[in-house]
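The structure presented is a predicted model; accordingly, all values stated were derived computationally and were not measured. All values below come from the heavy atoms of this structure, side chains included, with hydrogens, waters and symmetry mates left out.
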Amino acid sequence: MNEQTKFVEIRHAQKSYGDLEVLKDISLTVDRGQIVGIIGSSGSGKSTLLRAINDLDPLTGGEVWLDGVQVNKNLPYRKYEKHINEMRQQVGMVFQHFNLFPHMTARENVTMAPIMLKGLSKAEANKLAEEQLDEVGLLERIDYYPSQLSGGQKQRVAIARALAMKPKLMLFDEATSALDPELVEEVNLVMKKLAEKHMTMIIVTHEMDFASSVCDRVLFMDQGVVVEEGPPEVIFKNPKQKRTREFLRKHLAGAK
Amino acid sequence: MDFELMQKVYPFFLEAAWVTILLSVLTAILGLTLGALGTFARLSRFVVLRAIGAAYVSVFRGTPALIQLFILYFGGPQIGIQLDAFQAGVIGLGINAGAYMTETIRGAIISIDKGQTEAARTLGLSRWQTMYKVILPQSLRLMVRPLGVNINALIKATALVAAISVVELTYTAQRYIGSTYKPFEMFLLAGVLYMIIIYVAGRGVTWLDRKVQIT
Ligand SMILES: Nc1ncnc2c1ncn2[C@@H]1O[C@H](COP(=O)(O)OP(=O)(O)O)[C@@H](O)[C@H]1O
Ligand SMILES: [Mg+2]
């Protein structure tokens, strides 16, 4: 038995690019069903931290655990590949720029991984694609290519694609930052729906209103450290740290 | 201009054109194969393979194809490689074309946005699954045209094998000049036939390019 009981646990995460230390000894836990928001100015290390969770950007120090299993285990190459591919199947990720596969329809984007990795039959996968795309309100666009969809629709397909793998955890890296303002809400609604279903989520965002309405907990990052964390009421209304207050003042002023 | 002579020798040029076509086709097949292998080496996670791939490209793009042919055909026997002129032509030109095609194929692959790989890997696909399902289908669309440019170049480069006496178009033209003293007519005839071959190959590339764009 190991002492691991938390759902997601990051222990002493450290990441450097050469001399540049991007993450400085970050520790963090997320419980099952919890929704954690990460805010902070550009370059503060939010994406790096998020991408360390599924080892897209491997840490240079520290550990990431998911549901009792260490993600960034030290294994020989082949074993590690097998291990990490299994871990990644359990973690959905949504990117700022959608990264839909442009040569596949919405349906194919959603069905590819379940067919390849979970051995679903074509019929099962089609049913799954219909369900998932219906869930994000895009059933009628199921046979459209990404180039035929708006940004908001693309991002909703990307979410459906991630959810089709039935992940335990969803990571969102500024899912609405690349969208025209009028398309943000449709994506936010999909994320809120996920929140209601108690999906565990870690959400990097620039949208303070959204963070404060869906997150159970918000982390403020600056220069590779978590400066302050707490419930959104405290972080947004009553932050203790000076740096948090400065960030919020600048950010909210800019947003208005 | 001596049309009568041109008409008389024309069938022999046609026969030679077939040799040029055969040379081109075999060279293209070998070149594409080596281009795929070269790309595989250059994108490998093993440093030794990457170095071999890089060396292959820089050696064969960095020296004249004619010298490569001469080394293979004239120098080969000295180190135990016995090839007839046609074989030496195909192998020499194929290896040369493969170096260019390596860069073309690799270029098309690495130009695909890195977000595509990230999205695929995030879903749990392996490196190879990602390459096969996500990267290659997209890069295929980008590589048909530039590979067409490589093929255009290699068809023209088949003229070089005249220098090792393969009886193809250029060699045939030279031979008839020797007996007729009509270089203008003979080279013109060869030139027109090259143009037709290259035109047809170009149409093929355009057709293929259209085909991969839709699907
Ligand atoms: N591949 C990389 N090489 C060097 N520096 C990088 C690389 N990726 C990110 N960084 C640096 O790491 C820091 C944190 O980046 P990031 O995590 O993307 O910040 P955020 O998402 O908060 O904007 C930045 O200073 C960025 O320039
Ligand atoms: Mg970022």
| said: Quick check: closest heavy atoms across B:Ala119 and A:Phe101, and the distance to 0.1 Å? | reply: CB-CE2, 4.0 Å
| field | Heavy-atom pair with the smallest gap, counting every atom of B:Gln138 and A:Pro102 | value |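 Taking B:Gln138 first and A:Pro102 second, the nearest heavy atoms are OE1-CG, 3.2 Å.
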A side-chain contact here means heavy atoms from C-beta on lying under 4.5 Å apart; do [X] and [Y] qualify?
X	Y	value
B:Gln129	A:Asn85	no
A:Met116	B:Leu125	yes
A:Leu56	B:Glu118	yes

| field | Proximity breakdown for A:Phe95 and chain B, heavy-atom pairs closer than 4.5 Å | value | side chain
| Where on A:Met87 is there a heavy atom nearer than 4.5 Å to chain B: the side chain, the backbone, both, or neither? |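 It is neither, since no heavy atom gets under 4.5 Å.
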| message | Using a 3.5 Å distance criterion without hydrogens, assess whether the side chain of A:Asn99 forms a donor-acceptor pair with backbone atoms of B:Gln116. | response | no
| query | Is there a donor-acceptor pair under 3.5 Å between the side chain of A:His103 and the backbone N or O of B:Ile135? | reply | no
| request: Output the distance between atom NZ (B:Lys133) and atom CE (A:Met112), rounded to the nearest 0.5 Å. | output: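 It comes to 7.5 Å.
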Heavy-atom neighbours of [X] [atom1] exceed 12 at 6.0 Å:
X	atom1	result
A:Asp143	CG	yes
B:Glu15	CD	no
B:Phe74	CZ	yes
B:Phe40	CZ	no

| Greatest number of heavy atom pairs closer than 4.5 Å to chain B - which of A:Leu100, A:Val91, A:Asp55 |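 Most heavy-atom pairs under 4.5 Å with chain B: A:Leu100.
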| remark: Given A:Leu117, A:Asn54, A:Val94, the one with more heavy-atom pairs under 4.5 angstrom with chain B than any other is A:Leu117
| message | Strictly less than 4.5 Å between heavy atoms, which residues of residues 75-83 of chain A line up against chain B? Please order them by number. | response | A:Tyr77, A:Arg78, A:Glu81
| What parts of residues 151-169 of chain A touch chain B if we use heavy atoms and a cut-off under 4.5 Å? | A:Arg161, A:Ala162, A:Met165
